[in-house]
Amino acid sequence: MSGYYTIHDPHIERVLLTEEDIAEICSSIGARITEDYRGKDLVLVALLRGGLVFLADVCRHIELDLTLDFMAISSYGSGEAVRIVKDLDDDIRGKHVLVVEDLVDTGLTLHYILSVLSGRSPASVAVCTLLDRRARRIADVPIAYRGLEIPDVFVVGYGLDLGGRYRNLPYVAVVRDEVMG
Ligand code: XMP
Ligand code: MG
């Protein structure tokens, strides 16, 4: 594993998913998506910003003609109503939409996104997530493709951040409890 800065970063406890683990997940999920969506008009939607890195890797394992689009919503926990900060650029009517997310936690983000997207008459809407932390689930969202179920720990890297940092790590790491308080 390329051992740059987090190995000695005081916030990081351990690596949860190595680059090799992630590559295997992307390859196997990509192959499944290729089979499942053959002959269908597929659009992959990444939720910004975290879902971007996983989308970039998994899309290169999907051997189909497809398009990419991006969406961002304001995060939960800020005390405000959730809203779309950046909407899709393209119309999804009649398309098969696959939402690509870094991590499903309470499920509230996806629950909201799925209800918005479903209202636009797509042919189908499904979810692909790298990580699934079910311990904190509030909204029951259907997950078609899941890389790994993880315990109730805060993670960074590979799109996931702590105050905006660490998204560019090529692996997923666990943040020390002391840091989270
Ligand atoms: P919900 O609770 O709506 O949250 O399913 C999903 C979003 O919250 C972010 N999130 C995290 N980000 N490390 C992160 O860097 C974490 O451990 C973590 N838990 C939740 C995540 O971006 C996801 O889109
Ligand atoms: Mg996110």
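We're numbering straight along the sequence, starting at 1. Whatever order the structure lists them in is the order used to number ligands and atoms, beginning at 1.
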Is it true that the side chains of Tyr171 and Asp21 contain a donor and an acceptor less than 3.5 Å apart?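 Note: Tyr171 and Asp21 side chains miss the donor-acceptor criterion.
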- request: Scan side-chain atoms only and decide if Asp132 and Thr129 contain a donor-acceptor pair under the 3.5 Å cut-off.
  value: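 No pair is found: no donor N or O on one side chain lies under 3.5 Å from an acceptor on the other.
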Which atoms from ligand 1 have a heavy atom of [X] less than 4.0 Å away?
{"X": "Glu101", "value": "23 (C), 24 (O)"}
{"X": "Thr106", "value": "1 (P), 2 (O), 3 (O), 5 (O)"}
{"X": "Leu160", "value": "12 (N), 13 (N), 14 (C), 15 (O)"}

How close do Leu68 and Cys59 get, heavy atom to heavy atom, and via which atoms?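 So the two residues come closest at CD2-CB, 4.3 Å.
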Flag yes if Ile113 and Val85 sit in one hydrophobic cluster, no otherwise; membership is Ile, Leu, Val, Met, Phe, Trp, Tyr, and two members link when side-chain heavy atoms are under 4.5 Å apart.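 No, no single cluster joins them.
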ask   = Side chain or backbone of Asp102 under 4.0 Å from ligand 1, or both, or neither, by non-hydrogen atoms?
value =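 Contact part for Asp102 vs ligand 1: side chain (C-beta onward).
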Taking 4.0 Å as the limit for heavy-atom contacts, which would you say applies to Arg133 with ligand 1: side chain only, backbone only, both, or neither?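 Contact part for Arg133 vs ligand 1: side chain (C-beta onward).
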To atom 7 (C) of ligand 1, the nearest of Leu103, Ile138, Ile73, Asp161 on a heavy-atom basis is Leu103
Candidates Val155, Thr109, Asp132; heavy atom nearest atom 3 (O) of ligand 1 found on Thr109
Report the residue from Asn168, Asp57, Asp102 that forms a side-chain hydrogen bond (donor to acceptor under 3.5 Å, both in side chains) with Tyr158.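 It is Asp57; the other options fail the test.
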_So is Leu108 touching ligand 1 or not, going by heavy atoms under 4.0 Å?_
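Yes, that is the case, since the closest heavy atom of the residue is under 4.0 Å from the ligand.
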The single option from Leu48, Val99, Leu117 that satisfies side-chain contact (heavy atoms from CB on, under 4.5 Å) with Met71 is Leu117
Taking the six-membered ring for Trp, are Tyr145 and Tyr37 parallel (under 30°), tilted (30 to 60°) or perpendicular (over 60°)?
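Taking Tyr37 first and then Tyr145, their aromatic rings sit tilted (interplane angle of 30° to 60°).
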Between ligand 1 and Gly107, is the shortest N or O to N or O distance under 3.5 Å?
yes
